[in-house]
Every structure is written in C-alpha cells, then in structure tokens.
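Working notes for the structure below.
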Amino acid sequence: MSNRPSLLTRLRRRISERKRRRRFARALEHVHGDPSDVGSGDVLAIVLVRNGMYHLDAFFDYYRRLGIKSFAFVDNGSTDGTCARIAREPGTVIDRVALPLAQFEDLMRAYPAQTYGADRWCLYVDMDEQFDFEGRDRIGLSGLIGYLEGRGDTALMAQMLEMFPDAPLSETAHLDFAQSLERFRFYDTTTIDRFDYHSPDIPFEALLRDNTVPSASLQFYFGGVRGRVFAEACCLTKHPLIFNGPQVRPAPHPHLSQGVKLADFSAVIRHYKFAGNSAARDRAQAAGLAHGEDRARLAVLEETPDVSLYADSAARWTGIDALYEGGFLVRSDSFTRHIAQVSQ
C-alpha cells in the first residue's frame, strides 16, 4: 500500500500553506533601511531577533571584525529598543513579523535571503552565536569564500558548541554579554549523538535529500550538554553559510538549506544561549512565540536555580585545533593548504 497522502489531504495542505503565506505577507512590515545600501558584493548576515538589546553591542563588534558589512534583520516583535539600536548601524535593514515563531520561522528566515540575498553569500547567525573557522584571523571571511567558490561549493556545515562557565548559571546571570563571552570558556562534547548526513533517523531527513555531501565524516549532531542537563534532543548542526543561487532553497528549516553542495570541512558556532539571565529570556519566549523545548528547559531552570552545565568532562576553549583533534570538527588538508597560501 502506498504511503502517499490522498489527493484530498494534499489539497488541504496546499490550501493551508497558501493561507499561512498570506498571513505572513500581511504581517510583514519594513521598518528600516534602504535595500540599495546593502552592498551586492558583501556577505549578507541574516539575523532573526526578538528583544536582542542584551547581545547587540558584542554581536556587532564580532561580526564587523569578521568582515560583515551588510545585515538583514527580521524582528519578531521586540519591545526593548532593539530596532532603534540596529537602525543606528550602517548597512542594516529591518523587517518586522510579529507572528508565532514556531509556525512561521521558515518564512522569516527565507524572506531576507529572497529579498536582499539573491545570488550572493548569506550567513545565517543568531544573536547568541559566534561563527568561527580555521584560519579566521589569517584569511578572514573573504579567504574562506574564495576557497568555497574555487571548489564550487555552495554551503559550509558548522557544529554548534554550547559554551558555559565553570559555575552555576545563577552566579553569572548578572554579567553583560561581553563579560559572559569572557567567562563562558568551557564546552563538553562527550554526550553527542551522531548520525550520517543522509540517515533516515534524522527527523527532517527529507529536507536533506537534494544536498551533496563530499565525505561520510560530515555528520549531523544532536544532544550535547543541553541533552545531558535538560534532556533536549536539540540539533547541533547547521548550514550557516550558503550561496543563495538559483538551485538553493534558503532556510526551510532553522538549521539547513536545500539544494546545496557542502564544503569538505566543518566550522564551529560558539553558542552562548545561557549568557545573562537565560531563565528570564526563556520565560518571555514561552508566552507563545517559541518552541516547546524552551518551556521544558525553563522548567529545569526554575526548579533548580543553581543548575550548572559544568562537569568533569568539560574542556576549556583553546581554539579550532582541539576540536579537530577531538573529532568534533572535520578538517580538510586542502583548506589548510589554502590558508597557508592566502596568508603568505
């Protein structure tokens, strides 16, 4: 018997999807910025934000130093001055969509790529993330892009590395984001579940079928320290950097794009989700705009105020090489040679 949905079911889904897209279009509001100010040759950072004032100063500092000049923000209903702060930055555009994140996140993430990022490199980053890669200080983002374009790659995989302090989270809740970046120097890769890139056990494996992966060593990771502490089966793997060409469908899922050809190594995203008062942020998100995992995590944070992510298995951040040596990231000898050549 075929598992294909009936004609009536498929028709209902199409009607439902049209209604969802119409609702998104009605809710979409351009808030700030002239699209012509977003340089066509620049890598476009695409950022989904809601009440991001806590992160913004350190966020802009890091990504400006990385080489990002153009930013496209989708604001999900901020009430803390986030949009006014972003608007003071050159090379920024802001669109607002105050709809439930869990129902519309794919459209929110795809819109900036389709509107401002066609036929250019796009970097998907969140406010609490720092995208990093081997040779960043030597060749920069432009050197990385040169390597990818030379191979004909259209995406780079990155693994999310949850960063935390060697103390209960309650002891660091008062720190601003810049201070947290200094204090959160530890990570733990010992409790990660790994799956082949095209494994049928990945919940969204159908979205990965059209992607080309050059090596079996490039895998999808789940769990990690958040799995250990909060029992979250969170996905740790992303395609943050993509070339949004005609064959690519950007961000149908928060962690991936479709129709991409992946590079032969992986980068890292240092994730600072628990910087500052993360319990308060989760509480605000749980009001209806976030995923169910936020509510589950919030329950643990509220029931155990002195919860710590630190354990004996934790390691101190020393750089990319340690992640290669520990098997968390995949190294490419070709890319290492490229770094040496470009930085001579």
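- With contacts defined as side-chain heavy-atom distances shorter than 4.5 Å, the pair H239/L262 qualifies.
- Remark: side-chain polar atoms of S78 are not paired, donor with acceptor, to backbone N or O of D75 under 3.5 angstrom.
- With rounding to the nearest 0.5 angstrom, the CD atom of E89 is 5.0 Å from the CZ atom of R64.
- L107 places a side-chain heavy atom less than 4.5 Å from the side chain of R20.
- For R136 (side chain) and L66 (main-chain N/O), no donor-acceptor pair under 3.5 Å exists by modelled atom type.
- In terms of the side-chain contact (heavy atoms from CB on, under 4.5 Å) criterion, residue partners of A167 (sequence neighbours excluded) are, by chain and number, E171, R183.
- For an aromatic pair to be called close, the ring centres must be under 6.0 Å apart, and F230 with F274 satisfies this.
- Going from atom CG of D201 over to atom CZ of F195 covers 6.0 Å, rounded to the nearest 0.5 Å.
- Of all non-hydrogen atoms in V300 and V229, the two that sit nearest each other are CG1-O, 4.4 Å.
- Few gaps surround CZ on R194; more than 12 heavy atoms of other groups in view lie less than 6.0 Å from it.
- A salt bridge is defined here as a Lys NZ or Arg NE, NH1 or NH2 lying under 4.0 Å from an Asp or Glu carboxylate O, and E134 with R331 meets this definition.
- A heavy-atom distance below 4.5 Å is not found between the side chains of L309 and P165.
- Note on D106 versus R21: no salt bridge recorded, every NZ/NE/NH1/NH2 to OD/OE distance being 4.0 Å or above.
- Counting only distance, with no hydrogens or angles, the side chain of S70 and the backbone of G91 share no donor-acceptor pair below 3.5 Å.
- For the residue pair L99 and M108, the shortest heavy atom distance occurs at O-CE, 3.4 Å.
- Rounding to the nearest 0.5 Å places OG of S266 at 4.0 Å from CG of L329.
- Distance CG/L323 to CG/D132: 9.0 Å, rounded to 0.5 Å.
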**Study point:** Steps toward salt bridge (charged side-chain N to carboxylate O under 4.0 Å, His left out) verdict (R85, D57)
**Key:** CA-CA 9 Å; R85 169 65 182 87; D57 287 348; 2.9 Å; yes
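- Shown here is K69, whose NZ atom has no more than 12 heavy atoms of other residues, nucleotides or ligands within 6.0 Å.
- Panel note: side chain Y62, backbone F131; a donor-acceptor pair is recorded below 3.5 Å.
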Check your understanding: So S332 and S334, side-chain hydrogen bond (donor to acceptor under 3.5 Å, both in side chains) or not? Walk me through it.
Key -> CA-CA 5 Å; S332 162; S334 177; 4.5 Å; no
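- Ring geometry, F177 versus Y272: the interplanar angle exceeds 60°, so the pair is classed perpendicular (tilted spans 30 to 60°).
- The two atoms that bring D153 and D264 nearest to each other are OD2-N, 4.5 Å, heavy atoms only.
- Side-chain contact between I339 and Y147 is absent, with no heavy atoms from C-beta onward closer than 4.5 Å.
- S217 places no side-chain N or O within 3.5 Å of a backbone atom of V330 that could act as its donor or acceptor partner.
- Formation of a donor-acceptor pair under 3.5 Å by the D196 side chain with backbone atoms of S199 is not found in this model.
- Q159 places a side-chain N or O within donor-acceptor distance of the main-chain N or O of Q219, the cut-off being under 3.5 Å.
- Looking at R270, its side chain never comes within 3.5 Å of a backbone N or O of L181 through a donor-acceptor pair.
- Each of Y124, Y116, F60 was checked for a ring pair (Phe, Tyr, Trp, His ring centres under 6.0 Å) with F71, and the lone residue meeting it is F60.
- The two residues G52 and T82 have their closest heavy-atom pair at N-OG1, 2.7 Å.
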Exercise for review: For the pair L101 and L48, evaluate side chain to side chain contact (heavy atoms under 4.5 Å, CB included) and give the outcome as yes or no after the intermediate values.
Suggested key: CA-CA 10 Å; L101 182 65; L48 181 59; 3.3 Å; yes
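- L175 and L56 are not part of a single hydrophobic cluster, where members link through side-chain heavy atoms under 4.5 Å apart.
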Exercise for review: Decide side-chain hydrogen bond (donor to acceptor under 3.5 Å, both in side chains) for Y54 and S180; before the verdict, give the C-alpha distance in whole Å, the side-chain angles of both, and the deciding distance to 0.1 Å.
Suggested key: CA-CA 11 Å; Y54 174 79; S180 294; 3.2 Å; yes
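- Shown here for N76 and A98, the closest heavy-atom pair between the two residues is ND2-CA, 4.2 Å.
- By the 4.5 Å heavy-atom criterion applied to side chains, T172 and F184 are counted as neighbours.
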Practice item. Could you give me the CA-CA distance, side-chain angles and deciding distance for V47 and M127, then say whether side chain to side chain contact (heavy atoms under 4.5 Å, CB included) is met? Key: CA-CA 7 Å; V47 192; M127 301 295 295; 3.6 Å; yes
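- Between F335 and H338, the angle of the ring planes stays under 30°, which puts this pair in the parallel group of the 30/60° scheme.
- Using a 4.5 Å heavy-atom cutoff, the side chains of F222 and I202 are in contact.
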Name every donor-acceptor pair, under 3.5 Å, that has one atom in a side chain of residues 247-255 and the other anywhere in the protein, sequence neighbours excluded.
from : atom 1 : to   : atom 2 : distance (Å)
R249 : NH1    : Q258 : OE1    : 2.9
H253 : ND1    : H255 : N      : 3.0
H255 : ND1    : T237 : O      : 2.8

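- In this structure, CE in M160 is found 7.0 Å from CG in D128, a value given to the nearest 0.5 Å.
- Salt-bridge check for R185 with D166: failed, with every basic side-chain N at 4.0 Å or more from each acidic carboxylate O.
- Between the side chain of Y221 and the backbone N or O of F328, at least one donor-acceptor pair lies under 3.5 Å.
- Counting all heavy atoms, side chain and backbone alike, P112 lies closest to L44 at O-CD2, 4.1 Å.
- Remark: R337 does not engage D333 in a salt bridge, criterion side-chain N to carboxylate O under 4.0 Å.
- The shortest distance between side-chain heavy atoms of Y63 and L123 falls below 4.5 Å.
- Once rounded to the nearest 0.5 Å, the distance linking NZ of K238 with CG of L156 reads 13.5 Å.
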Check your understanding: Under the side chain to side chain contact (heavy atoms under 4.5 Å, CB included) criterion, do T79 and N51 qualify, and how do the steps go?
Key -> CA-CA 6 Å; T79 57; N51 291 336; 3.4 Å; yes
Practice item. Mind running salt bridge (charged side-chain N to carboxylate O under 4.0 Å, His left out) on E17 and R14 for me, showing each step along the way? Key: CA-CA 5 Å; E17 179 62 11; R14 284 196 293 269; over 6 Å; no
**Study point:** Intermediate values then yes/no, side chain to side chain contact (heavy atoms under 4.5 Å, CB included), L161 and W317
**Key:** CA-CA 10 Å; L161 191 69; W317 170 263; 3.9 Å; yes
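- Looking only at distances, a side-chain donor or acceptor of H30 sits under 3.5 Å from a matching main-chain atom of H32.
- Ring centroids of F265 and F133 are separated by 6.0 Å or more, keeping the two rings apart.
- Between H271 and R226 the shortest side-chain heavy-atom distance falls below 4.5 Å.
- Under a 4.0 Å N-O distance rule, the pair E205/R209 qualifies as a salt bridge.
- Taking the six-membered ring for Trp and the full ring otherwise, Y197 and F220 have centroids separated by under 6.0 Å.
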